[in-house]
There are 2 protein chains.
Amino acid sequence: MPTSPRAPLSRERILSAALSVADRDGLPALSMRRLGAALGVEAMSLYGHVRDKGDLLDGLVDHVVGMWADPLPDESDWRVVARTTMARAHEVLLARPWACELVAARPTVGRNRLRYAEALQRRMLDAGFSPQLAHHGLHLVDGTIMGFTLQELRRPTLQQLGEEVAAVARGERADEFPAITAVLADSAHDHAAEFALMTELILDGLERLHARETAERRTTDAPS
Amino acid sequence: MPTSPRAPLSRERILSAALSVADRDGLPALSMRRLGAALGVEAMSLYGHVRDKGDLLDGLVDHVVGMWADPLPDESDWRVVARTTMARAHEVLLARPWACELVAARPTVGRNRLRYAEALQRRMLDAGFSPQLAHHGLHLVDGTIMGFTLQELRRPTLQQLGEEVAAVARGERADEFPAITAVLADSAHDHAAEFALMTELILDGLERLHARETAERRTTDAPS
DNA sequence: ACCTGAACACCGTTCAAGT
DNA sequence: ACCTGAACACCGTTCAAGT
C-alpha cells in the first residue's frame, strides 16, 4: 500500500511499509521482494536506502521500541517510570508477536532504546541508587518485559501445536502430570494480572536492594 | 559428520546431527539440504522421519530443554529446584545462543518441559502454594530464565553493531547520555552475579507472596 | 542519481521415479 | 520400504545496464 505511488522512496517510507507488511502477514512474509512490491518498486531499489536486510530489521526494532518509549513519562519517580514503561512495552509487544521475536533474535540498541535507558537510569541515580544497582535495575526491567511477554505469547500455541500436550492441557493426563493438571484446573489465566504482579515483585525487590545498599553505606560512612 | 556413514537414518540421528550443525554454524546454516549433507543423505530423505522443518526445530527445542531439566534435582524444597534449574538453564542457553532465539521464536512444549513443569509445581503445591500461585511461580521462573539470558546475549553485540551506540559505550556522549555514561563507567559487568541476584529477588518475592497468601487464608479461616 | 533486469547461489517442499 | 532427481516457487544480494 504505497501512500503516494511515486513518492521518491526514503528510509522512512521503507520502514513504515515494512511495519505494515509484518503486522499484516508476519515476519516470514517480510522479504525484500514483497516489501518492494508493497512500495510499487523492484526489490533491488531498496538497497539504495538500506544497507542490508539486517539494517532494515534493526530500524524496525528501534521503531517498535519508540512505540512504547517515545513519549517518556514526565515523572521523577523511578518506580512510576519503570512501571508505566513496562506496561506500555508489554502492550505494544503483545500486539506484535513478530516484534518480540525480532528483538530476541536481533537485539539492536537504537536511539529510542538509548533515550529510554538514559531516562530510567537518571531517575535511579537521582534516587540514590549506586551505578551498579542502576545497571542491574535497567537489566531487570528489560529482562522482565521480554521474558514475560514471551511467556504470554507462548500460551496460545500450547494447545495448537502440542500433540500429547493438548491432552495434558485438557486434564486427561492427571496420572502422569498431577500437579500440572491440578494447577490448570484450579487457577485462572489472567495475563494482565500476572504481569502486574510480576512488575510489583520486581519493583519491590529493587527497592529492597536500594534500602539495603543505603543502610550499608551509612554504617561504613559513620565510623570515618 | 555421520557417526556411521550408512546407519539407517532415524529421528534421533537427525536431531543430534541438527544440534551439531547449529552449534557449529548457527541457526541460519541449519537448512534441510545442509543437514542432509551432514548425514550423507539427500535433503528429501529427511522427510521420511520428520514431518516438517518446524517439526525438526520443535524436537531440537525439547532436546535443549532436556539438557537442563533432565536429571531433575532430587529435592523437596521448591526453592532449591527453582534455583538449580534456573542456573542450569541459564548456563545451557548462554552456551547456545541459537537455542535461546529458537525458544523465543517457537515456544514448543515438549515432554522435557512438561516433566520439569510438573516437578516444580509439585514442590510448590506441597509447600502450600495455592494453584494460582504455583501457576504464577512457574511463569515467573521461566520468564526470568528467558528474559535474563536474552539480556546477556544482547550485551556483546552492543559494541559490535551500534554505530553511534559504540560512541556512547566508549563514554564519548556524556553530554547527551550522562546517566548511561556514569553507569557504564562506575559499574562492573558481572553477568553471573547479576543473574544470581535476579534469581534470589524472584525467589524472595515468591516466598513473600506465599507468606501473604497463608496469612490471608488463616484470617478468613479463623472466623468460621 | 536513481532504479531495473538478469543472474547467482541459495531456500523448503512435492512428487513421480527408482532400488 | 526407503531413498532420490528433477522441479516449483521462493529467498538475499551483485552488478552491469538503462533512464
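What's counted below: heavy atoms across the whole structure, side chains too, no hydrogens, waters or symmetry copies. Letters A, B, ... mirror the listed sequences (proteins, then strands); counts begin at 1.
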Are there more than 12 heavy atoms of other residues, nucleotides or ligands under 6.0 Å from atom [atom1] of [X]?
{"X": "A:D175", "atom1": "CG", "value": "yes"}
{"X": "A:E200", "atom1": "CD", "value": "yes"}
{"X": "B:E12", "atom1": "CD", "value": "no"}

May I ask you to decide if [Y]'s main-chain N or O and [X]'s side chain share a donor-acceptor pair within less than 3.5 Å?
{"X": "B:R83", "Y": "B:T199", "result": "no"}
{"X": "B:R123", "Y": "B:E75", "result": "yes"}
{"X": "A:D55", "Y": "A:V50", "result": "no"}

Table of protein N/O atoms under 3.5 Å from nucleotides 16-19 of chain D N/O atoms:
none

**Study point:** Nearest-Å distance once atom C1' is located in both D:dC11 and C:dA7
**Key:**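 My reading of the C1' atoms in D:dC11 and C:dA7 gives 14 Å.
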Check your understanding: Roughly how far apart, to the nearest Å, are D:dA9 and C:dA9 at atom P?
Key ->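 To the nearest whole Å, 22 Å.
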Could you tell me the separation between the [atom1] atom of [X] and the [atom2] atom of [N], rounded to a whole number of Å?
{"X": "A:R51", "N": "D:dT14", "atom1": "CZ", "atom2": "C1'", "result": "16 Å"}
{"X": "B:E42", "N": "D:dC3", "atom1": "CD", "atom2": "C1'", "result": "9 Å"}
{"X": "A:L46", "N": "D:dT14", "atom1": "CG", "atom2": "C1'", "result": "15 Å"}
{"X": "A:D52", "N": "D:dC11", "atom1": "CG", "atom2": "P", "result": "17 Å"}
{"X": "B:L39", "N": "D:dT4", "atom1": "CG", "atom2": "P", "result": "11 Å"}
{"X": "A:Y47", "N": "D:dG12", "atom1": "OH", "atom2": "P", "result": "6 Å"}
{"X": "B:L9", "N": "D:dC3", "atom1": "CG", "atom2": "C1'", "result": "9 Å"}
{"X": "A:K53", "N": "C:dC10", "atom1": "NZ", "atom2": "C1'", "result": "14 Å"}

Revision key, fill the gap. Per-residue pairing states of DNA chain D in dot-bracket (Watson-Crick or G-U under 3.5 Å; . unpaired, | other strand) read ||.|||||...|||||.||
**Study point:** Nearest atoms (heavy-atom pairs only) where A:E194 meets B:H139
**Key:**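 Shortest heavy-atom separation between A:E194 and B:H139 comes out as OE1-ND1, 2.9 Å.
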Practice item. Of all the heavy-atom pairs spanning B:H49 and B:S45, show the shortest one and how long it is. Key: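 Closest approach of B:H49 to B:S45: ND1-O, 3.8 Å.
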Practice item. For the side chain of A:R34, starting at C-beta, report the closest nucleotide among D:dC11, C:dG5, D:dG5. Key: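 Nearest nucleotide to the side chain: D:dC11.
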Exercise for review: Identify whether any heavy atom of A:M32 sits under 4.0 Å from a base atom; if not, whether one sits that close to sugar-phosphate; answer base, sugar-phosphate or nothing.
Suggested key: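 Sugar-phosphate, backbone atoms only, no base.
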Check your understanding: Does the side chain of A:S45 get closer than 4.0 angstrom to OP1 or OP2 of C:dC2 through an N or O atom?
Key ->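 False: A:S45 side-chain N/O out of range (4.0 Å or more) of C:dC2 OP1/OP2.
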Point to revise | Residue met sooner reading DNA chain C from 5', once B:P28 and A:R33 are mapped to nucleotides | key: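 Its nearest nucleotide lies further toward 5', so the answer is A:R33.
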Review point. Do the ring planes of A:W78 and A:F129 sit parallel (below 30°), tilted (30 to 60°) or perpendicular (above 60°)?
Key: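 It falls in the perpendicular class, over 60°.
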